[in-house]
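One structure below.
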Amino acid sequence: MSLDSRGFNEGLSNRSKADYVLTSPKRGAGASLRLRNSERKVLLFIIDVLLLNTALMVAWALGNDTPDTLAQLLDPFKWYITLTVVWGLVALFFDVYDLARAASTMNSIRNVAAAVATTVLVYTFIPQLTPPLISRGIIFIFGGLALVSIAAWRVVYANLFAQPRFTQRALVVGAGLAGRTLVDMFRTAPDDANPYRGTGYQIMGFVDDSVQLNGQDVRGIPVLGGHSVLVPMAQALDVDEIILAITHRHDIVDGLFDELLRCRELGLRVTTMSTIYERLLARVPVQHVGRNLSDALPMDEDAGHRLYLVAKRVVDLAASLAGMAVLALVIPFVAISNRMFSPGPLFYRQWRVGAGGRPFHCIKFRSMVPDAEKHTGAVWARSGDDRITPAGRVMRKTRIDELPQFINVLRGEMSLIGPRPERPEFVESLAKTVPLYRARHAVRPGITGWAQVQYRYGNTVDDSRIKLEYDLYYVKNANMLLDLRIILRTISVMLQLKGQ
């Protein structure tokens, strides 16, 4: 940090607050180039789609009679629209718009290569809506051009757009637990040499009223002074955003509140740590929202959300009927394998807590030895659990053991997508130690969910807290697009045998 914060503070202390005039911050020439996270995702998607469609256009032109005009080449819009839709779905499946991965050259190329190959394969076999790519040469040209161009673009993005001149500068108000958690979150980015790489943020410093912290470094970030230096520091460091990392925001002193208003008046964005945490990690920071329920739960249900709930129930019914058909086909194979490796009941019924805290019997294929908890009582399954049968291990990896839960979906006790239903014994203990734990019961539990596809199977209180953060993100932001993303990620987990 080139600016001496202690000298700055001493200079400021010799002046009255009325001595400095409220002026617009001096924005550097590069300020307009700093991209927000939403803008980064839009940029990546637009360039990806343009390159993909251009590859199709060139391949089609090379493999057929050259069109007389550009209009003839662009005429079949349905080809390009279909390609864009297919790419969008495949991109969700491979999570190619995860910004941390996009900022890592190797991770980005690996994801994009798989997504391009899958897109070309799927696109080739869609009738009516795609051009007749009957020549293998055309298909290879299309796929090759798409792969090379998009991979090259991702290399440019990872090595150019993740650099400081394109990142948002921020000051963090509060160097306590919430502020330190925020910095630690940024440091989980894939490039250790640049801890903020991929996050889109560059933390310029802390502002904290603690006298003991003034002039010190917290997590390698300087504490620039108390709230009185917030506005001048924001101007001097040319920041874009002020992040409020104070859990109990009702305790904010009047002076700090006034400085935050001054920053907003100057055109700087003022946001909270929980908002940034949710935006970057797709989780709700349950330990840092305090009693601000609006940060953790939806406060209103508009007509659109009510329509979504109706549509979701219709999808649940359709999915459960299809799932029952698959269940009927799978039952004989599961019964034979269980008979061979671990004779006993085919199904396993267990009390779980559903919507509104109401208990219900969850039905699954038995994947453990009979009476697995006879001598231990209710305990979490663990990695390498010797109670799991050989057939059960395969069922858990592929999540086949979850199929009977379609019966619960048909009954209305569960949904296709939602938080994982937990056992009453664990709910009672977790509700006492994990803040907001019971809030996950605001919706029906699901066969799959945001926490299940984002995080490993948890068997500790800390794992339960992290999974709760994902669950509350779903409760707060549930919509059809998020549901589609979860379904695609679930298929990915099943194909990669990552279930537990």
Side-chain angles (χ1 to χ4, degrees), residues 93 316 319-354 359-411 413-426 444-460 463-464 467 486-500:
F93 183 87
D316 282 345
S320 60
L321 292 175
M324 296 289 282
V326 175
L327 178 63
L329 295 174
V330 170
I331 281 178
F333 299 99
V334 176
I336 293 172
S337 60
N338 269 1
R339 184 70 178 174
M340 291 174 59
F341 296 105
S342 179
L346 177 62
F347 296 105
Y348 181 64
R349 292 162 59 89
Q350 191 177 67
W351 283 107
R352 297 293 177 99
V353 178
F360 70 97
H361 266 125
C362 181
I363 308 171
K364 302 175 68 174
F365 280 129
R366 180 177 60 86
S367 60
M368 291 188 174
V369 297
D371 298 322
E373 295 180 339
K374 181 178 180 179
H375 302 293
T376 62
V379 293
W380 272 308
R382 59 189 182 276
S383 179
D385 200 318
D386 56 8
R387 299 173 301 167
I388 302 175
T389 67
R393 209 168 299 281
V394 175
M395 287 192 291
R396 283 173 171 252
K397 288 289 184 182
T398 57
R399 295 198 173 180
I400 289 176
D401 63 318
E402 312 279 0
L403 280 175
Q405 292 180 25
F406 280 112
I407 299 173
N408 296 115
V409 175
L410 197 60
R411 291 174 178 174
E413 297 163 334
M414 292 179 64
S415 176
L416 180 63
I417 298 170
R420 179 180 182 274
E422 194 52 89
R423 300 175 65 176
E425 301 92 330
F426 298 150
R444 286 191 184 100
I447 296 178
T448 186
W450 189 232
Q452 289 96 305
V453 299
Q454 291 291 101
Y455 195 70
R456 65 178 184 271
Y457 181 85
N459 56 8
T460 67
D463 286 336
S464 296
K467 297 195 78 169
I486 291 170
I487 291 172
L488 292 173
R489 293 291 301 280
T490 300
I491 296 172
S492 176
V493 168
M494 293 173 66
L495 293 177
Q496 296 178 64
L497 303 180
K498 289 185 177 181
Q500 295 190 38

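Every heavy atom of this structure was used, including side-chain atoms; hydrogens, water molecules and symmetry mates were not. A quick note: this is a predicted structure, and the numbers were derived from the prediction, not measured.
Applying the side-chain hydrogen bond (donor to acceptor under 3.5 Å, both in side chains) criterion to Thr490, with sequence neighbours excluded, gives Thr448. Applying the side chain to side chain contact (heavy atoms under 4.5 Å, CB included) test to Val409 and every residue at least two apart in sequence or in another chain returns Arg313, Asp316, Ser320, Met414, Ile447. Residues forming a ring-ring contact (aromatic ring centres under 6.0 Å, His included) with Phe365 (at least two apart in sequence, or on another chain): Phe347. Not counting sequence neighbours, Arg339 has no partner by the side-chain hydrogen bond (donor to acceptor under 3.5 Å, both in side chains) test. Checked against side-chain hydrogen bond (donor to acceptor under 3.5 Å, both in side chains), Gln405 has the following partners two or more places apart in sequence or in another chain: Glu402. In this structure Arg352 satisfies the side-chain hydrogen bond (donor to acceptor under 3.5 Å, both in side chains) test together with Gln350, sequence neighbours excluded.
Contact annotation: the side chain of Phe406 never approaches that of Leu321 to less than 4.5 Å [non-hydrogen atoms, C-beta and beyond]. Side-chain contact check for Phe426 versus Val353: every heavy-atom pair is 4.5 Å or farther apart.
Once rounded to the nearest 0.5 Å, the distance linking CD of Glu425 with CH2 of Trp351 reads 11.5 Å. Distance check, rounded to the nearest 0.5 Å: OG of Ser342 to CE of Met368 gives 11.5 Å. Rounding to the nearest 0.5 Å gives a distance of 4.5 Å between CD1 of Ile407 and CD1 of Ile363. Arg411 CZ to His361 NE2: the interatomic distance, rounded to the nearest 0.5 Å, is 9.5 Å. The CD1 atom of Ile400 sits 11.0 Å away from atom CG of Leu327, with the distance rounded to the nearest 0.5 Å.
When all heavy atoms of Phe93 and Leu495 are compared, the pair lying nearest together is CZ-CD1, 4.1 Å. Scanning all heavy atoms of the two residues, the minimum distance from Gly446 to Pro421 falls at O-CD, 3.7 Å. Taking all atoms of both residues into account, the shortest heavy-atom contact from Gly392 to Thr389 is N-OG1, 2.8 Å. The two atoms that bring Tyr455 and Lys467 nearest to each other are CD2-CG, 3.5 Å, heavy atoms only. For Met395 against Asn338, the heavy-atom pair with the smallest separation is CE-OD1, 4.3 Å.
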Decide side-chain hydrogen bond (donor to acceptor under 3.5 Å, both in side chains) for Asp401 and Tyr348; before the verdict, give the C-alpha distance in whole Å, the side-chain angles of both, and the deciding distance to 0.1 Å.
CA-CA 10 Å; Asp401 63 318; Tyr348 181 64; over 6 Å; no
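Within the 3.5 Å criterion, the main-chain N or O of Gly449 finds no donor-acceptor partner in the side chain of Arg420. Arg366 places a side-chain N or O within donor-acceptor distance of the main-chain N or O of Pro345, the cut-off being under 3.5 Å.
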